Amino acid sequence: MHVYPFTAIVGQEEMKLALILSVIEPQIGGVLILGHRGTGKSTAVRALAELLPPIRRVKGCLFGCDPADPGQWCEQCRKRASGSRRLPAESGPVRVVELPLGATEDRVCGTLDIERALRAGRKVFEPGLLARAHRGFLYIDEVNLLEDHLVDLLLDVAASGRNVVEREGVSVVHPARFVLVGSGNPEEGDLRPQLLDRFGLHVRTETIPDIASRVEIIRRREQFERNPAGFARALRAQQECLQRRLIRARELLARVRVEHELLLGVAELCLKLQADGHRGELALIRAARALAAFDGRELVTAEDVTRLAVMALRHRLRSEAPGGVEAAVRIERAVRSVFGVREAEGVHAFGQSRN
């Protein structure tokens, strides 16, 4: 089955950049995408996952543990490794796991077979969606309509990076670290503040008003549906170029520096905006480091911060509808006040300002 190529998506530059930064630096905390229906939200998530290089997994592991990171292994992998020096490994694609609104808690978390556990004396675990999403993407469409008990569950897992399943005194703990992507239409309801705050970046999508762009969207989609393999071949060079750039950015990220004066500026910006908590500063700095790495630089600049300030802070302001236009205007004014620079007019998916 062919996936629509990421580099073929027309417009929605803010969304594409946010997703790119989230895979360079997963600690940003995921992406919330709110806006009109049919603006490519789910297409972009699946397209980016398809673009990423295969990852190494411990062969036979229910959770896809990374063989090179024993500190994050599940209990089963630790037991298997105690008797040998190396665990067998295999390569596989980065997964995109969709969490449906009507999912039960067992389907999300996984289940324990208590009868077999009591009879055979060993835990038998049926993995859920969180296990499948480990080291990949967990995508929730219409996230603002998610039931409260699933919201509470996701908050616990997002905070700890692990999933705990307990029944009748029997428990299983496994790693559950993923890029959380939520999308929805804000007209259909608001997110609970606790879940809203967990998303590192918040972007808006809108129906493109430019006629030429709309025609290009139709043309590309028609070509893809008629001949998906040929359409993918025509974009192979662009896809491979972006893939190489993402790989280099991940390798460079650990060397990217943020000078103390810029940290002071970010803290002053959040204080001036009265942003709730400290996740705003962390998300903004992490995203700025990822942007610098994506551009091939080892030093974060004030321009990086100004490009990303609205994405990182628009959902953290008090007395505003989350992500509203008024919030963006307030942030842009505060950016000018703190950094003394003109705010970016827009951001392209490949990290360059519009001229």
Side-chain angles (χ1 to χ4, degrees), residues 1-3 5-7 19-31 44-99 108-110 123 125-139 157-158 160-165 172-181 200 232 236 238-256 286 289-290 293-294 296:
M1 179 179 175
H2 292 277
V3 176
F6 190 83
T7 55
L19 290 172
I20 284 172
L21 298 180
S22 72
V23 299
I24 295 172
E25 173 51 289
Q27 290 190 16
I28 288 172
V31 182
V45 176
R46 294 185 178 89
L48 183 58
E50 183 74 12
L51 178 71
L52 298 176
I55 59 175
R56 299 283 287 169
R57 298 189 178 99
V58 174
K59 190 172 183 179
C61 175
L62 295 175
F63 316 109
C65 288
D66 183 353
D69 189 7
Q72 297 296 328
W73 282 353
C74 65
E75 181 183 353
Q76 290 80 3
C77 286
R78 289 195 181 97
K79 287 181 178 178
R80 289 171 62 190
S82 64
S84 61
R85 298 186 61 182
R86 300 182 67 178
L87 294 179
E90 60 186 358
S91 294
V94 175
R95 296 179 183 139
V96 177
V97 176
E98 187 164 352
L99 194 159
V108 175
C109 292
K123 291 178 282 191
F125 181 63
E126 292 292 334
L129 298 178
L130 296 178
R132 283 186 49 79
H134 180 52
R135 302 177 64 209
F137 292 85
L138 182 66
Y139 176 60
V157 174
S160 65
R162 59 183 192 149
N163 179 40
V164 181
V165 182
V172 167
V173 181
H174 71 80
R177 299 182 183 276
F178 41 76
V179 176
L180 180 63
V181 181
R236 182 176 297 163
Q238 294 180 45
Q239 291 279 101
E240 291 177 349
C241 180
L242 179 55
Q243 184 185 75
R244 289 192 297 270
R245 194 170 174 189
L246 284 169
I247 293 171
R248 287 196 299 267
R250 284 173 158 180
E251 294 170 349
L252 180 61
L253 183 65
R255 303 199 300 274
V256 175
R286 288 166 179 167
R289 291 180 66 245
F294 191 52

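From a predicted model like this one, the values you see are computed outputs, not experimental measurements.
Contact between Ala133 and Phe178 at its shortest, heavy atoms only, is O-CB, 3.4 Å. In terms of heavy atoms, Pro53 sits closest to Val94 at O-CG2, 3.9 Å.
The shortest distance between side-chain heavy atoms of Leu87 and Cys77 falls below 4.5 Å. A 4.5 Å side-chain heavy-atom check between Leu138 and Val181 finds every atom pair outside the cut-off.
Applying the side chain to side chain donor-acceptor pair (under 3.5 Å) rule to Glu98 yields the partners Arg46; only residues at least two apart in sequence or on another chain are considered. Residues satisfying the side-chain contact (heavy atoms from CB on, under 4.5 Å) criterion with Pro93, sequence neighbours excluded, are Arg57. With sequence neighbours excluded, the residues satisfying side-chain contact (heavy atoms from CB on, under 4.5 Å) with Pro88 are Lys59, Arg80. With sequence neighbours excluded, the residues that form a side-chain contact (heavy atoms from CB on, under 4.5 Å) with Arg286 are Glu25, Gln27, Ile28, Leu282. With sequence neighbours excluded, the residues forming a side chain to side chain donor-acceptor pair (under 3.5 Å) with His174 are Asn163, listed by chain and number. Partners of Arg177 according to the side chain to side chain donor-acceptor pair (under 3.5 Å) rule, which considers only residues two or more places apart in sequence or in another chain, are Gln72. For Arg56, the side chain to side chain donor-acceptor pair (under 3.5 Å) test picks out Ser91, with sequence neighbours left out. For Arg95, the salt bridge (Lys or Arg N to Asp or Glu O under 4.0 Å) criterion is met by no residue, not counting sequence neighbours.
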Run the side-chain contact (heavy atoms from CB on, under 4.5 Å) check on Val97 and Leu130 step by step: do they pass?
CA-CA 8 Å; Val97 176; Leu130 296 178; over 6 Å; no
For a side-chain contact (heavy atoms from CB on, under 4.5 Å) check, start with the C-alpha distance between Phe137 and Leu180, then their side-chain angles and the critical distance, and finish with the verdict.
CA-CA 6 Å; Phe137 292 85; Leu180 180 63; over 6 Å; no
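Although no hydrogens or angles enter the test, the distance criterion places no donor-acceptor pair under 3.5 Å between the side chain of Trp73 and the main chain of Cys65. Judged purely by atom type and a 3.5 angstrom limit, Arg250 uses its side chain to pair as donor or acceptor with the backbone of Val23.
A side-chain contact (heavy atoms from CB on, under 4.5 Å) with Pro175 is found for exactly one of His134, Arg162, Arg135, namely His134.
Taken to the nearest 0.5 Å, the CG atom of Leu242 stands 7.5 Å off from the CG atom of Leu48. Note: Ile20 CD1 to Phe294 CZ = 4.0 Å, rounded to the nearest 0.5 Å. Atom CZ in Phe6 sits 12.5 Å away from atom CD in Gln238 (nearest 0.5 Å). To the nearest 0.5 Å, atoms CG (Leu19) and CD1 (Ile24) are separated by 11.0 Å. To the nearest 0.5 Å, atoms OG1 (Thr7) and CD (Gln239) are separated by 3.5 Å. Of the inter-residue distances, the one linking Gln243 atom CD with Arg236 atom CZ reads 12.0 Å to the nearest 0.5 angstrom.
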